[in-house]
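The next block holds one structure in the form of structure tokens; read it before the comments.
Note that ligands are numbered from 1 as they come in the structure, with each ligand's atoms numbered from 1 the same way. Atom set for the values below is all heavy atoms of this structure, side chains included, hydrogens, waters and symmetry mates excluded. Fair warning: this is a prediction, and the values are worked out from it, not measured in the lab.
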Amino acid sequence: MITAGKKSGLVALLALASCTSVQKQQGSQQTTTAMEQPQTETNPLLKEWTGPYGGVPAFDKMNLADLKPAMEKAMALNLAEIEAIANKTEPATFVNTIEAMERAGKELNRVFTYYGIWSSNVSTPAFREIQAELAPKISEFNSKISQNEKLFQRIKTVYENAQKNPLPADQQRVVQLVYEGFAMEGADLSPEKKQRYAEINKELSSLYTSFSNNILADEEKYVVYLTKDQLGGLPESFVKAAAKAAADRGQEGKYAVTNTRSSMDQFLTYSDERALREKVWKNYYSRADNGDENDNNENITKILKLRNERVKLMGYDNYAQWRLQNRMAKTPEAAMELMQAVWPAALARVKEEVADMQKVANKTSKTKITIEPWDYRYYAEKVRQQKYDLNSDEVKQYLELGNLTDAIFFTAGELFNFKFTPVPEGSVPVFHEDVKVWEVTDKTTGEHIGLWYLDPFARQGKRSGAWATTYRAHTTFDGKETVLSSNNSNFVKPAPGEPVLVSWDDAETFFHEFGHALHFLASNVKYPTLNSGVRDYTEFQSQLLERWLATDKVINNYLKHYKTGEPMPKELVAKIKKASTFNQGFATTEFLASALMDMHFHLADPNGLDPDKFERETLSKLGMPKEIVMRHRSPHFGHVFSGEGYATGYYGYLWADVLTSDAAEAFAEAPGGFYDPEVAAKLVKYLFAPRNSMDPADAYRQFRGRDAKIDALMRDRGFPVPGPQSKK
Ligand SMILES: [Zn+2]
């Protein structure tokens, strides 16, 4: 995932998303110049980045006491810059307005890099207090810019002039994005409405913080401790990690099933203890829905009401309509149409999956049982073993982290002509000893492209899941700035000398996040704003990169047994490929239920809306199978309610998946397959390097010669392809 933002990088970082990439959108208010900054700057978080590679963040100088003053000062500096631009007396031009804005906010960008590390990689209760304190201030800061009347009038002038006399293509695109961004944030409203708009945003920012803190609180509060006789079915790696997790919580000798997705998912897949599975399942899917002080239901209603009120100020019918106007889908109807095209096939598949599982249960269970949601993963794994004879643990022996890292570097070399070299030990500061850094250069010319940081292991204070982010994005308009990109995962850190073996899913995710990093690194845009992401498009590049994991070259050279060094056997590869459509009923249904709910919440009248009841009734209308629950139930649907990053945007994963399947077929059909140089060149040229400097639909058409079709996606999931050539 990418936590992408709106205009400003700030907002972006507050909205943690779950896939994965925190993309600091280099927006209009981005960078502050040093113009008003005296040389006496003593706060290390504000200081210009020095050292090799065009300067690197001083992660070794991070002191939490510096954060608040640094943020306050950086915001003040940025506001002063913006004021100076807004108050210029000469007529507004691209250079004196738009380009000046692109240049502003440098200190703030730097502080936000550190803020992002504290928030995602090394969080502490002390940081979270500061974060809660800063959230409304940041919101206020954003409002001051997005509602600066004089500034907007200048932007509008440049925009209107550019409509008459178009600027060079990339400048034209910057002007359009900046103008639309401001207009969408209410810049055109009357003063009274603007005031209300800012109040709403301030209230929302606190609600978002409260929403995510409530989830976190329930994740920490509900831990299931197992005794030695309750470990039946669990893999050794899980047992080891659970023993450590229990010891960390002062329960030496027990085994902790923590209330996180990875822990829950593994436990439900393998544990033979049905009653405990039910307990773990209930804990997880009741997060922030327990009717206590951490319950999020009231927050949801408040958030929906405020969002609705805000877009009504600007004359929109509902939040979804406002949000989707600059997405690839453009309208809620288009997004809904895609979801509804896939939904019936997913439901039909669930029926088959449940029937298969019931058969296994009838044969193996001592008592007569009916498949319940906490049985799904467990019996699915049994069916998987039976039908495909595929043992996840056997697969893991071939997926060693060091080899996988070499595999992604190889892929980047083939497609992008990039070379990755470890930087000399100690030459680039890191925020934790586990973090490693590589220099990225062009394989042919040796030209420096950027750095890639990898923070691989789970630890306390690090958010769960995997994500990608940038500390600095590529620009050239003010001298060339090279990319500082990073990937973050939560692999379990092994004992010294032990290998890190990961699941097939985790290996795919590793490729996925690296796809985001390549998207950052490949950028050739001139202006910061053109690095911004389009929500239903930015997951496409990363999802596409996952496909290289299963290519022959990667399998034969990098998926080697950690002990014997033998490549993964052909039969095992064939089994994995054959099993790839397995359980797609479950996966598609749990995802789509959340995506549809996200959209329905934002199309509904929020007045008097009871989230719990709304969720129940909507699912019932959709015909949700009783054996499956939404991937993210509403009270802990952080994508949608911890910020605005994915609000009415969760469908974006599916949208991007349609593009992914369709683009992957372009490679599959090419003479050189996934390493076809011509298709690869087009991939880089149209789908990666331009970032947001081209309209995504146009860029895709240039790559494929036509629009994407849903057919390849249906084939990939093993669903029937719908009637005459359906378009997305
Ligand atoms: Zn992602």
Just give me the atom name: the N, O or S atom of H512 closest to the Zn ion (ligand 1).
-> NE2
Of all N, O or S atoms in H516, the one closest to the Zn ion (ligand 1) is NE2
Taking both backbone and side chain into account, is any N, O or S atom of E539 nearer than 2.8 Å to the Zn ion (ligand 1)?
-> yes
Return a table of donor-acceptor pairs under 3.5 angstrom between the side chains of residues 399-408 and protein atoms on other chains or two or more places apart.
{"unit_1": "E400", "atom_1": "OE1", "unit_2": "G402", "atom_2": "N", "d": "3.3"}
{"unit_1": "E400", "atom_1": "OE1", "unit_2": "N403", "atom_2": "N", "d": "3.1"}
{"unit_1": "E400", "atom_1": "OE2", "unit_2": "G402", "atom_2": "N", "d": "3.0"}
{"unit_1": "T405", "atom_1": "OG1", "unit_2": "L401", "atom_2": "O", "d": "2.7"}

N/O donor-acceptor pair under 3.5 Å between D434 side chain and F457 backbone | no
Counting N and O atoms only, with roles assigned by atom type, does the side chain of R472 sit under 3.5 Å from a partner on the main chain of L484, one being a donor and the other an acceptor?
-> no
Regarding R287 and the six-membered ring of Y284, is the cationic atom NZ or CZ under 6.0 Å from the ring centre and inside 45° of its axis?
-> yes
